**Q** 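Let me begin by handing over the structure; questions about it come next.
All chains are named by letter (A, B, ...) in the order of the sequence lines, taking the proteins before the strands, and each is independently numbered beginning at 1. The structure presented is a predicted model; accordingly, all values stated were derived computationally and were not measured. These values consider heavy atoms only, across backbone and side chains, with no hydrogens, waters or symmetry-generated copies.
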Protein chains: 2
Amino acid sequence: MKRPPRLEIPRKAIYRLSIYLRCLLRLKANRLPTVSSEALARAAGVKSTQLRKDLTYFGQFGTRGLGYDVEQLAQLITDLLGTNSLQPVILVGVGNLGTALLSYRGFEQEGFEIIASFDIEPRRGRHSTKPLLPMDQLAAFVHERGVKMAILTVPVTAAQEVTNQLVAAGITGILNFAPIVLQVPEDVIVNNVNLAIELENLSYFIQG
Amino acid sequence: MKRPPRLEIPRKAIYRLSIYLRCLLRLKANRLPTVSSEALARAAGVKSTQLRKDLTYFGQFGTRGLGYDVEQLAQLITDLLGTNSLQPVILVGVGNLGTALLSYRGFEQEGFEIIASFDIEPRRGRHSTKPLLPMDQLAAFVHERGVKMAILTVPVTAAQEVTNQLVAAGITGILNFAPIVLQVPEDVIVNNVNLAIELENLSYFIQG
DNA sequence: AATTGTGAATTGATTCACAGCT
DNA sequence: AGCTGTGAATCAATTCACAATT
């Protein structure tokens, strides 16, 4: 899969690719063979020019006068995102939120599988078929299974230290739920999710 | 609490306010009385000019030559965000993710309380002390308790229909976990969280 | 006739540079 | 001397306008 000038592409454009993909999959399920940028953009909640501009970062995929081939564009975006094959992910920190996410079956549907979880104190609560392992087995496990992505759900006080361990073990993508700005080498990428901040943000806007 | 020209303030600046607040609370816990924009910005992972610019949207709070009073600035941001008092939130859609979030105790610590959950089919699985109610009681409950915010964790196929019900019931802030762009009146605000998209986004950046 | 692809224009956000306080 | 507050300058993202293509 050719993906040329990755550096100048806005981060938000990549997020939108995921949104477009979801819309395309719905269209595909409805047996729609093609879609115009106008229709797809409406479904994704953006302007059609933005959709077209986003796609031009990666090449030309449409047919003028006709639109885009739904299946082909969906496959293209899947290739770009690298979610063709099921990707192994580990989860670190089996507290409240970690347990919650482990019992969430939604990741598998989207191409990700949490293959193991880790905690300093591996507790009684077994979770389905996935092993819950002590932290000292993390490095070996990650190496052996070639895991690249981790979901981080440890308390904020432990987050930076655990991150250091993850990075040392070879993890290059971290989905961080701890409310702290993690320090990582520049080849490691961190996406932050903070549910409390999302609620606070709503709170700000609904006042008045 | 005076909050003047709300319209022109960048959305991202509001998100950053939440981040600053968390840093300030840590400083406060460490008994630091004041902090410079430089130090606070470093903790928050932004440039000091950005922090100062963000604050000027709301007024002038620092002392030149000295910095900001930690406690006072924390209180100010709390006031701005409207999280002084515990805010009631409902959760709709008690499937996998909904159950997961109900068992997550992290919201209370940040000023939000899920006071009830709703589902078309209120199942056996009781969750702690919170009532799990059928959808037809939603409107009355929201009205009676003055609830303004909802966490939406229904399947994507039901998301728009349930959103319509929420809006009709008087909800004005929705934290949406369904992978769909919700149509709402302009006085209703929606924040989207999509864990699969966050993982996909990581996936894109770690390839190579 | 319809619709894409894209350089130019515009809008928005961030950073700079420094004036103004304490 | 140190640090905030902010207009001006820069940088980035979005939208426009239209040429190119089927």
**Q** How would you label the contact of B:Arg16 with the nucleic acid (heavy atoms, under 4.0 Å): base, sugar-phosphate, or nothing?
**A**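 Answer is sugar-phosphate: B:Arg16 comes under 4.0 Å of backbone atoms only.
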
**Q** With respect to the side chain of A:Lys53, which nucleotide from C:dA13, C:dT14, C:dA8 is positioned closest?
**A**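 The answer is C:dA8.
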
**Q** Does B:Thr49 reach a base, just sugar-phosphate, or nothing at all? Heavy atoms under 4.0 Å.
**A**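 The answer is base, as B:Thr49 lies within the cut-off (heavy atoms under 4.0 Å) of a base atom.
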
**Q** Could you check how far CG of B:Leu51 sits from C1' of C:dC16, rounded to whole Å?
**A**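 Rounded to the whole Å, the gap is 16 Å.
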
**Q** Are side-chain N/O atoms of A:Gln160 and A:Asn164 paired as donor and acceptor at under 3.5 Å?
**A**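 Per modelled atom types, A:Gln160 and A:Asn164 side chains form a pair under 3.5 Å.
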
**Q** How do A:Thr56 and A:Gly65 order along DNA chain C: which one's closest nucleotide is nearer the 5' end?
**A**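 Its nucleotide being nearer the 5' end, the pick is A:Gly65.
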
**Q** How close or far is atom P of C:dT11 from atom CD of B:Glu8, stated in whole angstroms?
**A**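 Interatomic distance, CD of B:Glu8 to P of C:dT11: 15 Å.
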
**Q** Would you mind reading off the distance between B:Leu40 atom CG and D:dG5 atom C1', rounded to a whole angstrom?
**A**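 Going from B:Leu40 (CG) to D:dG5 (C1'), I get 16 Å.
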
**Q** Tell me the interatomic distance from B:Lys12, atom NZ, to D:dC11, atom P, rounded to whole angstroms.
**A**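 The distance from NZ of B:Lys12 to P of D:dC11 comes to 17 Å, rounded to the nearest Å.
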
**Q** Out of C:dT6, D:dC3, C:dT15, which nucleotide sits closest to the side chain of A:Arg52?
**A**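 Minimum distance to the A:Arg52 side chain belongs to C:dT6.
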
**Q** Select one nucleotide: of C:dT4, C:dT22, D:dT22, the one nearest the side-chain heavy atoms of B:Arg64.
**A**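 Of C:dT4, C:dT22, D:dT22, C:dT22 is nearest to the side chain of B:Arg64.
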
**Q** Among side-chain atoms of B:Glu198 and A:Tyr15, is any donor-acceptor pair under 3.5 angstrom?
**A**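 Indeed, the side chains of B:Glu198 and A:Tyr15 share at least one donor-acceptor pair under 3.5 Å.
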
**Q** Tell me yes or no: between the side chains of A:Gln75 and A:Asp79, is some donor less than 3.5 Å from an acceptor?
**A**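 Per modelled atom types, A:Gln75 and A:Asp79 side chains form a pair under 3.5 Å.
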
**Q** Where the side chain of B:Gln50 is defined as all heavy atoms beyond and including C-beta, which of D:dA13, C:dT14, C:dG5 is the nearest nucleotide?
**A**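 Out of D:dA13, C:dT14, C:dG5, the nucleotide with an atom closest to B:Gln50's side chain is C:dT14.
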
**Q** Checking A:Arg52 against A:Phe61: charged group under 6.0 Å from the ring centre and within 45 degrees of the axis?
**A**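 Here A:Arg52 fails the 6.0 Å and 45° test against A:Phe61.
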
**Q** Rounded to the nearest angstrom, tell me the gap between atom CD1 in A:Ile9 and atom P in D:dT14.
**A**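 Between P of D:dT14 and CD1 of A:Ile9: 13 Å.
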
**Q** Starting at atom CZ of A:Phe58, determine the distance to atom C1' of C:dT6, rounded to an integer number of angstrom.
**A**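 In whole Å, C:dT6 C1' lies 16 Å from A:Phe58 CZ.
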
**Q** Taking 4.0 angstrom as the limit, do B:Glu200 and A:Arg22 come out as a salt bridge?
**A**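 A salt bridge is present here (some side-chain N lies under 4.0 Å from a carboxylate O).
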
**Q** I want to confirm an ordering. Mapping A:Thr63 and A:Arg11 to their closest nucleotides on DNA chain D, which one lands closer to the 5' end?
**A**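 Result: A:Arg11.
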
**Q** What is the separation between atom CG on B:Asp54 and atom P on D:dT4, rounded to the nearest whole Å?
**A**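 Those two atoms, CG and P, are 14 Å apart.
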
**Q** Side chain of A:Tyr68 only, please: which of C:dA13, C:dG5, D:dT6 is the nearest?
**A**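 The answer is C:dG5, which lies nearest to the side chain.
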
**Q** Within this structure, what is the CD-to-P distance between A:Glu38 and C:dT4, rounded to whole angstrom?
**A**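 One finds 8 Å between P of C:dT4 and CD of A:Glu38, rounded.
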
**Q** Nearest to the side chain of A:Lys47, heavy atoms from C-beta on, is which of D:dA20, D:dT15, C:dT6?
**A**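 Minimum distance to the A:Lys47 side chain belongs to D:dT15.
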
**Q** B:Ser37 side chain: which of D:dT4, C:dT6, C:dT14 is closest?
**A**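 The answer is D:dT4.
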
**Q** Among D:dT22, C:dT6, C:dA13, which nucleotide has an atom closest to any side-chain atom of A:Gln60?
**A**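 Shortest atom-to-atom distance from the side chain points to C:dT6.
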
